Amino acid sequence: MSVHLPGISPAQGANLAIDIHLTAQANITPFVASQKVTRFVVTEISTQLLADTPELVVGERLCWSVPIMLTSPARGIVGKVGDILVDVTTGELLVDDENVRRITEDARRLAERSPL
């Protein structure tokens, strides 16, 4: 399990002590988060996309960060084209039009560069 701490940049040689205490109802498992994201990307972006293994992200909301992978029938997984966050408590996909546009463009670029 990973915890992302954006904005933290300790000085070289600094001693770090990080204590995290969080209480939240974890209603969505990583498996369910992956299923929800796969369903979304296949229906909204491309049937050549699928979700990979989520990581837990602690931020304003407790979320699963689900990597989106481009696949090819001939090559299998081609590469990562983005991430979608899924709220651990509600199951809400935290994705907007800009995320969809970026994932779509990155998938197109990666597909163009990848040999068949």
Side-chain angles (χ1 to χ4, degrees):
M1 177 182 308
S2 297
V3 175
H4 297 249
L5 300 172
I8 303 283
S9 2
Q12 183 177 358
N15 289 321
L16 299 176
I18 300 171
D19 293 314
I20 297 174
H21 177 81
L22 176 68
T23 303
Q25 183 74 34
N27 297 320
I28 304 300
T29 66
F31 179 77
V32 170
S34 290
Q35 285 182 318
K36 290 171 82 66
V37 169
T38 295
R39 186 177 322 117
F40 176 81
V41 296
V42 165
T43 59
E44 299 296 324
I45 303 174
S46 170
T47 58
Q48 298 302 115
L49 299 178
L50 60 80
D52 202 7
T53 306
E55 291 185 341
L56 190 61
V57 177
V58 178
E60 290 180 27
R61 297 166 85 163
L62 185 60
C63 296
W64 293 112
S65 178
V66 184
I68 309 302
M69 308 303 283
L70 175 66
T71 65
S72 161
R75 293 192 50 221
I77 293 179
V78 177
K80 182 178 171 184
V81 295
D83 296 277
I84 293 179
L85 295 176
V86 179
D87 187 290
V88 169
T89 303
T90 67
E92 176 187 0
L93 273 64
L94 306 177
V95 61
D96 58 19
D97 292 340
E98 177 61 23
N99 292 94
V100 171
R101 183 194 60 74
R102 197 169 36 251
I103 291 168
T104 302
E105 289 177 3
D106 289 348
R108 182 187 49 77
R109 279 193 293 274
L110 184 57
E112 288 172 353
R113 289 194 316 257
S114 298
L116 295 177

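The structure displayed is predicted, hence computed values, not measured ones.
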S.K.: State, to 0.1 Å, how close Asn27 and Thr89 come at their nearest heavy-atom pair, and which atoms those are.
M.R.: ND2-O, 2.8 Å
S.K.: May I ask whether Leu94 and Ile68 are part of the same hydrophobic cluster, defined by side-chain heavy atoms of I, L, V, M, F, W, Y residues being less than 4.5 angstrom apart, directly or through others?
M.R.: no
S.K.: Is Trp64 reaching over with its side chain to a backbone N or O of Ile28, donor-acceptor style, under 3.5 angstrom?
M.R.: yes
S.K.: Does any N or O in the side chain of Thr43 come within less than 3.5 Å of the main-chain N or O of Phe40, such that one atom is a donor and the other an acceptor?
M.R.: yes
S.K.: To the nearest 0.5 Å, how far apart are CG in Leu62 and CG in Leu56?
M.R.: 4.5 Å
S.K.: Looking only at non-hydrogen atoms, find the nearest pair between Gln48 and Pro73 and report the distance.
M.R.: NE2-CD, 3.3 Å
S.K.: Run the side chain to side chain donor-acceptor pair (under 3.5 Å) test against Glu112 and tell me which residues pass, sequence neighbours left out.
M.R.: Arg108
S.K.: Could you see if Leu110 belongs to whatever hydrophobic cluster contains Ile77? Use Ile, Leu, Val, Met, Phe, Trp, Tyr and a side-chain cutoff under 4.5 Å.
M.R.: no
S.K.: Can you name the closest pair of heavy atoms from Ser34 and Ala51 and give their distance?
M.R.: O-CB, 3.4 Å
S.K.: Heavy-atom count check: over 12 atoms from other residues, nucleotides or ligands less than 6.0 Å from Asp96 CG?
M.R.: yes
S.K.: Under a 4.5 Å side-chain heavy-atom rule over Ile, Leu, Val, Met, Phe, Trp and Tyr, are Met69 and Val41 clustered together?
M.R.: no
S.K.: Closest approach of Val86 and Gly91, non-hydrogen atoms and distance?
M.R.: CG1-O, 3.7 Å
S.K.: Which atoms form the tightest heavy-atom contact between Pro67 and Asp83, and what is the distance?
M.R.: CA-OD1, 3.3 Å
S.K.: Among all residues two or more places apart in sequence or in another chain, which pass the side chain to side chain donor-acceptor pair (under 3.5 Å) test with Asp87?
M.R.: Arg61, Thr90
S.K.: Go through the steps for Lys36 and Leu93 under the test side-chain contact (heavy atoms from CB on, under 4.5 Å), then give the verdict.
M.R.: CA-CA 8 Å; Lys36 290 171 82 66; Leu93 273 64; 3.8 Å; yes
S.K.: Taking all atoms of both residues into account, what is the closest heavy-atom pair of Val78 and Ser72, and its distance?
M.R.: CG2-CB, 3.7 Å
S.K.: Measure the CG-OG distance between Leu70 and Ser46 for me, rounded to the nearest 0.5 Å.
M.R.: 7.0 Å
S.K.: Could you give the distance from CD (Glu44) to OG1 (Thr104), rounded to the nearest 0.5 Å?
M.R.: 10.0 Å
S.K.: Please answer: with hydrophobic residues joined when any side-chain heavy atoms are less than 4.5 Å apart, are Leu49 and Leu85 in the same cluster?
M.R.: no
S.K.: Under a single-linkage definition using a 4.5 Å side-chain heavy-atom cutoff for Ile, Leu, Val, Met, Phe, Trp and Tyr, are Leu50 and Val37 assigned to the same hydrophobic cluster?
M.R.: no
S.K.: Any salt bridge linking Arg101 with Glu98? Criterion: basic side-chain nitrogen under 4.0 Å from a carboxylate oxygen.
M.R.: yes
